[in-house]
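Presented below is the structure to which this report refers.
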Amino acid sequence: EAAGSGLVTGWTKQVAEFSIKADDWPSPIEVDCLHITATPPSQLHQPQQAAAKPGRKASKSAAKAAALPVSLEAAGASDGSAVQYRAAYTPTECGDHRISVLYRDQHVPGSPFRATIREAANADECKVSADWAATLTAKKSTPCH
């Protein structure tokens, strides 16, 4: 099971997190069989890679080159028998990102997920008015399209 705010929403240049619970998976979890990708909107509709030449396999790393890096940490017992993992990525653009969570090349329930990422506020573009000390106003807004 994958759950958490990073699968649904987030802000640019801020870490988006989610967890993967492996309570009902066969034990122990083979971490090498767990694959997570976070694909930004600019890469979602790119043409597919050319087919591999006969006798050669297509590179998985080439296919995933457009995806954002995703970190994965075990959060389990000290003996290494983790039943939960924490995943994190940092979106660099706003829009709908596709988050895929696969175990043994099969999507976990709900995957792929759609995380709507919005532009983060920039503190340098905010000011506090002396007349309205309790009011914080932005100089400009940066909408996502």
Criterion side-chain hydrogen bond (donor to acceptor under 3.5 Å, both in side chains) on T12 and E93, from CA distance to verdict: CA-CA 6 Å; T12 57; E93 60 186 85; over 6 Å; no
Do the non-hydrogen side-chain atoms of [X] and [Y] ever get within less than 4.5 Å of each other?
| X | Y | answer |
| --- | --- | --- |
| F18 | Y85 | no |
| H97 | L68 | yes |
| F113 | V8 | no |
| R98 | L44 | yes |
| I117 | T9 | no |
| L34 | L102 | no |
| T39 | I99 | no |
| I36 | S100 | no |

Shortest non-hydrogen separation from G6 to A115 and the atoms involved: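 That would be O-CB, 3.6 Å.
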C94 versus P41, closest heavy-atom pair with distance: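 Shortest heavy-atom separation between C94 and P41 comes out as O-CG, 3.4 Å.
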SB check K21 E1 (cutoff 4.0 Å):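 Salt bridge flag = no for E1 with K21.
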Separation of [Y] [atom2] from [X] [atom1] (nearest 0.5 Å):
| X | Y | atom1 | atom2 | result |
| --- | --- | --- | --- | --- |
| Q14 | R118 | CD | CZ | 13.0 Å |
| R114 | T116 | CZ | OG1 | 5.0 Å |
| S19 | Q84 | OG | CD | 4.5 Å |

Same apolar cluster (I L V M F W Y, side chains within < 4.5 Å links), V70/L72: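 As far as the 4.5 Å side-chain criterion goes, L72 and V70 are connected within one cluster.
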Residues S5 and E17: side-chain donor-acceptor under 3.5 angstrom: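 No, E17 and S5 have no side-chain donor paired with an acceptor closer than 3.5 Å.
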